[in-house]
K.L.:
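Structure provided below as C-alpha cells; questions to follow.
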Amino acid sequence: MPDRYEPSQFESKWQERWKQADLFATREEPGRPKFYGMDFFPYPSGAGLSVGHCRNYVPTDVLCRMKFMQGYNVLHPMGFDSFGLPAENEAIKNKTHPAPMIERYAANYRRQMELVGISYDWSRSFSSADPDYYKWTQWIFEVLHERGLAYRKQAAVNWDPVDKTVLADEEIIGGRAERSGALVEKKWIPQWYFKITEYAQQLIDDLDTLDWPEGIKAQQRNWIGKSEGVQFRLDVAGTGDSDGKFDLDNHNTPAKKLSFEVFTTRIDTLFGVAFCVLAPEHALVEDLIKIVPAENQADVREYQEAAKRLSDTDRTATNREKTGVFTGAYAINPGNGQKVPIWLADYVLATYGTGAIMAVPAHDERDYEFALKFGIPVIPVIAPAEGKIPEGCYAAKDGVMVNSGEYTGLSVAEGQFALARWMEGLGIGKAITQYKLRDWLTSRQRYWGCPIPVIHSADGDEQLVPVQDLPVLLPDVDSYEPSGDGSSPLAHIPEFVNVTDRDGKLGRRETDTMSGFACSSWYFLRFCDPHNPKEAWNLDRANYWMPVDCYVGGAEHAVMHLLYARFWTKVLNDAGLIQVREPFARLQNQGQVLAYTPYRQPRDGETLGVGEDGILVSFAEADAMKARGEGNQLFYKWVRMSKSKGNVVTPDEAKATFGADALRMYLLFVAPFSADVQWSNEGMMGMTRFLSKVFKLATDLKPFWAADWREHIPFEAMDPLGKEARRLTHFTIKTSTADIDSFGFNTYVSGLMKYVNGISDVLAKADPSNRAHALALSEALETLPLLLSPGAPHSADEIWEGILQKPGFVFRQDWPTHEEALAAADVVTVAVQVNGKLRDTLEFPAGTSNEELEAGALASAKVQTHLEGKSIRKVIVIPNKLVNLVAS
RNA sequence: GCCGGGGUGGCGGAAUGGUAGACGCGGUGGUCUCAAACACCAUUGGGGUCAAACCCGUGCGGGUUCGAGUCCCGCCCCCGGCACCA
C-alpha cells in the first residue's frame, strides 16, 4: 500500500468495481427520504467533454454522494439532448447521418463521465432522439394542443438565413442568431406556437417559491416583462362623430370613423399628450392615408418603405437618432378634447402593446427626444411635490399633477386610479396588464427534431395523430439538408407527407419539427420512470421523485430552457398529470473554466475584428515565438475553454496526468462554485500533494488503529491531545456536511486540508502506547475516508480497503454525524482589545466566566501599557471570544 | 439607461457585527541530490525594528457602533443579463 496518491494504481480499478457492483443504481426503498439531484441535459458534441463540463458534474456528484450516504434514496440521472440544430449542423458538416453520429458522441460522453467517477445511474439514461422518448414528447404536444396551448398561425418570424430555419425570440441576441451569428431576417410563414403567454402571471408569481439565484429570477421577470397601465381609445379628428363627444352605440356606423388604441403606464400624464405615434406597420395607416393631404400620403409611404428596408438590428440600435413623419391626421385627447398630431415613427414597436402610443414629451425621454427634433411643444403636467416644475424631461413617479383640469393636485398614483376609473366609466379604456413575453415559437423547418404529430386533412382542418399511432417516426433518409425555401426537408419526402386522415381521405402530414427546447422541457419527468412503455411516466413514481431538489447547470439557459420547462410543468399540472407546479426547487449555476491563452499583437497589414485586442495563437506557436525572441509580442488572457481556441483540457488528459480525484478536488477547491475557475497545472500539482498527504496520514495512523474503537471511545478519558483529535474530527464532520449542503465546495475541500494538517500535528505528538491517543486517532482514521469520499471517491475506497482493510465501498457507509460538545474546543483564545484595537490574545478554558475573562484581560501587561493614564469606562465581553476595554 | 452579482496580499480565495488574509498557488531560505526535478521543513499583507514595540491596511467619501470586509447613506470601477417594451 503506497503512502502516496498514485491514481494510475487504483482509479480505474475502482471504477470497474463500482460498475460491477452496480453501485449507483437508484434506490427506492420505503422509509427513506428522497433526493433528486440533476445536471442540465447536455447536447453531446463531437468535441467531447472538457474539464469545464466536469465543473458542472463533479459538484452535483459530491452532493448526491453525500445524500446517499446520509440515507436518502437518490435519483442522479444523466441523458442526452440529441435532437436539434447543433447535432444536425455537425452531421451535415461531417457528411454523415445525425442518428449514429450522436450515439457515438453520447457513448464518448458517458465514457468520459465515468472516467472522472460521476455516480450516475446509467440504467436510467436515454436520448431525446430515442423514439421511445419522443413518442411522449409528441404526446405532450397533443396535451397542449387539446388545451388550446399549441396553435399554428401565419406570422412574420425570425428567419436565420444560415441555419435556414426560424428561431424563437429567446434565441436572438442583438438581432443576430445566437447559434449561427447570422443577421436575422423577417419571413412570413405559418408557424407552430405554444401559448406560454397564458401562464405569464403564474410564471412570475411562482418564482417567489423557488430557491434559485436572484440573477436568474430577475432575468425571467424581466423577460416576461409585466407592466400595468391603461389601454384606451383615441378617435381620429374629422372622422365620424368628432364633435368631442363619443357615440358609444354608434361607433361603427359612419364608415369613415377612425380610432386607435394606445397603451400607457402613465395615464396620469394624459393632459401632457403632445402627439401620438403609430408604428410604421400599424393597420390604421391604410385608412389614415385615404383622408390626409397628398403630400402627407407620399411622406407616409416613403417612411413605411424605409422602415421596411431597415433590419431589426439597425432599427433598434442604441443611441440611434429618432426618425418619424407626420401623417397629416390628428387624434383627439379624450382628457381635454384637444387635437394632437398623429405621427409615424419606428421607435414605436408594432409588436408590443397596441403598436401605438400617446406621446408625453415632458415625462418620457423618448418622446422628449422626438419632440425636440421635430419642434413639438413640451407640456409639463407633473411637478415635484415641492419646488417648481423642472425643465426638460421629468419622468418621476412621485410627483403631483398640474395643468390637468379637475385632476390637478392629485398625486401620480391617485391620478392613475382616477383616470382609469373615469375611462372605464366612459367605456373608452380600461386598466390592463401587458407582458413583453410572446408565445413560444416552436416549429423548425429542419430534419433533426421531434416531428409534430399533426395531420392536415383534405378539408383543411388540423387533426392530432391518435395516441396509439405515436410516435410519428422521423423517416430514415440519406438527404436531410435544409431546403432553404422555408419548408422543412421532410416536406420533400412523399412517403412521410402523404397519409390517410381520420376520415380516410388523403391528408398531409405536418412537416415542421419541434425545437430542441421542447424535448428538454420534460425529461426530468421521464427520468422518474425512464423505460415505461405504456405511459410517459407512472404518476406515483413521478410524484415520488418530483420536484428536482437540486438542478445544476450554466446560467445561459436563464430564459429559455428554464422558462419553457416551468411552463410545461404548469400545463401538465393543470392537466392532472403531475402533482408539482414547479419542476426545479433549487437551482445552482456553476462558473466556467478559463484557460490562460496566448494572443499576439497584430503584425503589419493585419487588422483586428471589432472588440478584439489581439490575435489568437496556438500554444505551440507561442513557444516558437518565445524561442525566436518574439515573446514581447505575446500576451495572455483568461478565456473560456473551447475547441476553436485550442485551449481545451480534456478530462482524459487531466486524469492521465494528475488523476481523477485530483481533478475533482481541484475543480471543487479552486474557486466558489458559481465563480469562474482559472485552470492551472500548479494548482493540480497542489491537489496531488494534498491527496498524497492524505495517503501518508492514513498510513501513519495505521499503527494506532484499534478496530473496535467505537465501542470504547465514549467511555475512555481523553487527555488534551486526544481531545484535540476528536475536536478536529467532529468539527470537520460538522463543517463538511454544512459546506456540501450549501454548495460551499471550496471550503469543504479546505476544511479537509485543515483536518489533515491538524491530525498530522496531533499524530506527531501522539504516543502509540497511549490508549486515549489510539482511540481518538482511530476515529480520525476511519472518518477521513468517509469525509473524503464525495470529493475523492477513488482514494476513499482505496484507503478504506487498502489501509483499513474494511469490506465494501465507502459509498455504502453511513455519513458521519458530529457531536456538538466534541466539536468545541476546551481551550479558547480570547482577543483582548483596548478601545476596539487588538492588544493581546490570551488562552482560557472554554466557558470561563465574563468576570474571570475581564480580570485576565486587565492582568495582561500589554493591555496595561495601553491603559496607562486612562480609566475604564466600559467593558464588553463576548464569552470564549473577546474582551474589549473601553477607556479614556 | 434599467436589472442582477461583485471589488479583500503577487494570484485563487477564507471570514454568524468580534483576533482580516483561513486553505491553497506562487515567492524566499533551507534539507535531500554530483546536479536538477520531485518531496520535505521554515518563512511570506505593507511600513518599521537586530528583534520587538508600534503604525497602516478589505474600491472611494461619509455615518451607525465599545467594535465594520460585514450594517446605513452617497459615489467609482468590473462582470453578467436586458435594452426605443410606452
Side-chain angles (χ1 to χ4, degrees), chain A residues 4 173-174 213-223 225-227 229 231 262-267 269 276-277 279 315-320 322 345-349 351-360 363-367 369-370 434-438 555-556 558-559 589 591 665-666 669-672 674-678 680-690 692-693 696 744 746-757 829-842 862 865-866 872-878 880-888:
Chain A
R4 278 186 301 149
I173 297 190
E214 271 317 306
I216 301 285
K217 291 208 239 182
Q219 277 184 59
Q220 292 213 349
R221 281 194 200 96
N222 182 52
W223 185 262
K226 178 180 181 175
S227 52
Q231 183 172 321
V262 297
F263 173 71
T264 179
T265 56
R266 293 300 301 272
I267 195 66
T269 62
C276 287
V277 185
R315 192 170 152 174
T316 57
T318 49
N319 305 327
R320 184 168 155 253
K322 295 271 179 295
D346 63 8
Y347 81 92
V348 170
L349 307 174
T351 47
Y352 181 78
T354 62
I357 62 160
M358 65 174 221
V360 186
H363 306 295
D364 182 281
E365 288 202 25
R366 295 150 301 181
D367 300 343
E369 202 188 310
F370 192 85
Q434 276 284 344
Y435 300 90
K436 282 195 260 181
L437 183 71
R438 322 258 179 78
E556 67 276 10
V559 292
N589 301 123
M665 293 288 274
Y666 176 73
F669 173 67
V670 68
S674 59
D676 286 350
V677 160
Q678 299 177 348
S680 132
N681 286 331
E682 288 74 25
M684 288 292 291
M685 286 300 298
M687 197 50 72
T688 301
R689 249 190 317 268
F690 167 67
S692 282
K693 269 197 219 174
K696 171 110 177 21
N746 55 334
T747 50
Y748 156 64
V749 176
S750 72
L752 290 177
M753 290 173 167
K754 287 184 217 178
Y755 183 49
V756 168
N757 292 342
T829 306
V830 172
V832 183
Q833 300 178 335
V834 178
N835 290 333
K837 288 203 168 198
L838 181 73
R839 295 303 177 191
D840 201 0
T841 56
L842 301 171
K862 288 181 186 171
T865 59
H866 287 278
I872 292 175
R873 305 281 170 210
K874 195 172 172 184
V875 180
I876 286 116
V877 182
I878 309 293
N880 295 334
K881 284 248 167 174
L882 171 140
V883 178
N884 186 13
L885 304 166
V886 186
S888 62

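Each chain gets a letter, A, B and so on, in the order the sequences are listed, and its residues count up from 1. Bear in mind that the values here come from a model prediction, so they are computed numbers and not experimental data.
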K.L.:
Counting side-chain heavy atoms from C-beta on, which of A86(B), C66(B), G24(B) comes nearest to M753(A)?
P.N.:
G24(B)
K.L.:
Answer yes or no: does a side-chain N or O of R4(A) lie under 4.0 Å from OP1 or OP2 of C40(B)?
P.N.:
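Looking at the OP1 and OP2 atoms of C40(B), neither is under 4.0 Å from any side-chain N or O of R4(A).
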K.L.:
Rounded to whole angstroms, how far apart are CD on Q219(A) and P on G4(B)?
P.N.:
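That distance rounds to 12 Å.
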K.L.:
Just the rounded figure in Å: distance from P of C82(B) to OH of Y435(A).
P.N.:
22 Å
K.L.:
Ignoring backbone atoms, establish whether R689(A) has a side-chain N or O less than 4.0 Å from OP1 or OP2 of G24(B).
P.N.:
no
K.L.:
Nearest whole angstrom, please: distance from the C1' of G24(B) to the NZ of K754(A).
P.N.:
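One finds 11 Å between C1' of G24(B) and NZ of K754(A), rounded.
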K.L.:
Side chains of Y755(A) and S750(A) only: does a donor on one sit below 3.5 Å from an acceptor on the other?
P.N.:
no
K.L.:
Distance check needed: C25(B) P versus M687(A) CE, whole Å only.
P.N.:
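In whole Å, C25(B) P and M687(A) CE are 9 Å from each other.
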K.L.:
How close or far is atom P of C82(B) from atom OH of Y352(A), stated in whole angstroms?
P.N.:
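It works out to 18 Å between those atoms.
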K.L.:
Rounding to an integer number of Å, can you tell me how far M685(A) CE sits from C38(B) C1'?
P.N.:
7 Å
K.L.:
Give me the distance, rounded to whole Å, that separates G12(B) from G17(B) when you measure between the P atoms they each carry.
P.N.:
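Each nucleotide's P atom is 25 Å from the other's.
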K.L.:
At less than 3.5 Å, do the side-chain atoms of N884(A) and the base atoms of C66(B) form a donor-acceptor pair?
P.N.:
yes
K.L.:
If you look at every strand shown and take non-hydrogen atoms under 4.0 Å, does S680(A) touch a base, only sugar-phosphate, or nothing?
P.N.:
nothing
K.L.:
Taking only the side-chain nitrogens and oxygens of H866(A), find out if one of them lies under 4.0 Å from OP1 or OP2 of C54(B).
P.N.:
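So the side-chain polar atoms of H866(A) do come within 4.0 Å of the phosphate oxygens OP1 or OP2 of C54(B), strictly under.
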K.L.:
Just jot down the salt bridge (charged side-chain N to carboxylate O under 4.0 Å, His left out) partners of R873(A), sequence neighbours excluded, or say none.
P.N.:
none
K.L.:
Would one find a side-chain N or O of R320(A) under 4.0 angstrom from OP1 or OP2 of A83(B)?
P.N.:
no
K.L.:
If you only use heavy atoms from C-beta on, which nucleotide in A86(B), A83(B), C84(B) is closest to the side chain of W223(A)?
P.N.:
A83(B)
K.L.:
Using purine N1 to pyrimidine N3 plus N6-O4 or O6-N4 for Watson-Crick, or N1-O2 and O6-N3 for G-U wobble, each under 3.5 Å, what pairs with U64(B)?
P.N.:
none
K.L.:
Checking all strands, does G353(A) fall into the base, sugar-phosphate, or nothing category for heavy-atom contacts under 4.0 angstrom?
P.N.:
nothing
K.L.:
Does G9(B) sit syn or anti, given that only angles within 90° of 0 count as syn?
P.N.:
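That one's syn.
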K.L.:
S227(A) side chain N/O closer than 4.0 Å to the phosphate oxygens (OP1, OP2) of A86(B)?
P.N.:
yes
K.L.:
State, with a plain yes or no, whether a side-chain heavy atom of I876(A) is found less than 4.5 Å away from one of K874(A).
P.N.:
yes
K.L.:
Examine A14(B): is either OP1 or OP2 under 4.0 Å from a nitrogen or oxygen in the side chain of N746(A)? Give yes or no.
P.N.:
yes
K.L.:
After noting the C-alpha distance and the side-chain angles of T829(A) and L842(A), does the key distance pass the side-chain contact (heavy atoms from CB on, under 4.5 Å) rule?
P.N.:
CA-CA 6 Å; T829(A) 306; L842(A) 301 171; over 6 Å; no
K.L.:
Mind checking the P distance from C60(B) to C77(B)? Whole angstroms is fine.
P.N.:
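The same atom, P, in both gives a distance of 15 Å.
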K.L.:
Among G24(B), G18(B), A86(B), which is the nearest nucleotide to the side chain of N757(A)?
P.N.:
G24(B)
K.L.:
Could you tell me how far A22(B) sits from U58(B) if I compare only their C1' atoms? Round to whole Å.
P.N.:
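About 15 Å, rounded to a whole number of Å.
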K.L.:
Without decimals, in angstroms, what is the distance between N681(A) CG and C38(B) P?
P.N.:
13 Å
K.L.:
Taking the same atom, P, in A15(B) and in U28(B), what whole-Å distance lies between them?
P.N.:
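That atom pair is separated by 30 Å.
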K.L.:
Are K322(A) and A86(B) close enough that a side-chain N or O sits under 4.0 Å from OP1 or OP2?
P.N.:
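So the side chain of K322(A) is outside the cut-off, no N or O lying under 4.0 Å from OP1 or OP2 of A86(B).
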K.L.:
Across all strands, who's sitting opposite G9(B) as a Watson-Crick or G-U wobble pair, both distances under 3.5 Å?
P.N.:
none
K.L.:
Are there any protein N/O atoms within less than 3.5 Å of an N/O atom in nucleotides 6-12 of chain B, and if so, which ones and at what distance?
P.N.:
unit_1, atom_1, unit_2, atom_2, d
G12(B), O2', V670(A), O, 2.4

K.L.:
Looking only at atom C1', what distance separates A20(B) and A68(B), rounded to whole Å?
P.N.:
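Per the computed distance, 11 Å lies between those C1' atoms.
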K.L.:
With a 4.5 Å heavy-atom cut-off, do Y352(A) and Q434(A) have their side chains touching?
P.N.:
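Yes - at least one pair of side-chain heavy atoms lies under 4.5 Å apart.
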K.L.:
When the P atoms of U43(B) and G21(B) are considered, how many whole Å apart are they?
P.N.:
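Those two atoms are separated by 15 Å.
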K.L.:
Do N222(A) and K436(A) have side chains that get closer than 4.5 Å, going by heavy atoms?
P.N.:
yes
K.L.:
Roughly how many Å apart are C23(B) and A36(B), using the P atom of each and rounding to a whole number?
P.N.:
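A36(B) and C23(B) have their P atoms separated by 30 Å.
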K.L.:
Count the heavy atoms belonging to other residues, nucleotides or ligands that lie under 6.0 Å from NZ of K226(A), then report whether that count exceeds 12.
P.N.:
yes
K.L.:
Quote, to the nearest angstrom, the P distance that separates G1(B) from C72(B).
P.N.:
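Comparing P positions in G1(B) and C72(B) gives a spacing of 23 Å.
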K.L.:
Between C40(B), U19(B), A86(B), spot the one nearest the side chain of V348(A), thanks.
P.N.:
A86(B)
K.L.:
What is the pairing partner of C40(B), taking Watson-Crick or G-U wobble pairs with both distances under 3.5 Å in any strand?
P.N.:
G30(B)
K.L.:
Nearest to the side chain of F263(A), heavy atoms from C-beta on, is which of C25(B), A86(B), G24(B)?
P.N.:
A86(B)
K.L.:
Counting only heavy atoms not in E556(A), do more than 12 fall under 6.0 Å of its CD?
P.N.:
yes
K.L.:
Please determine if D367(A) and K322(A) form a salt bridge, counting it only when a charged side-chain N lies under 4.0 Å from a carboxylate O.
P.N.:
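The answer is no: the pair does not qualify as a salt bridge.
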K.L.:
Rounded to the nearest angstrom, tell me the gap between atom NZ in K837(A) and atom C1' in G18(B).
P.N.:
16 Å
K.L.:
Under 4.5 Å between any side-chain heavy atoms of V832(A) and T841(A), yes or no?
P.N.:
no
K.L.:
Applying a 3.5 Å limit to both distances, which nucleotide forms a Watson-Crick or G-U wobble pair with C82(B)?
P.N.:
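When the pairing criteria are applied, G1(B) turns out to be the nucleotide that pairs with C82(B).
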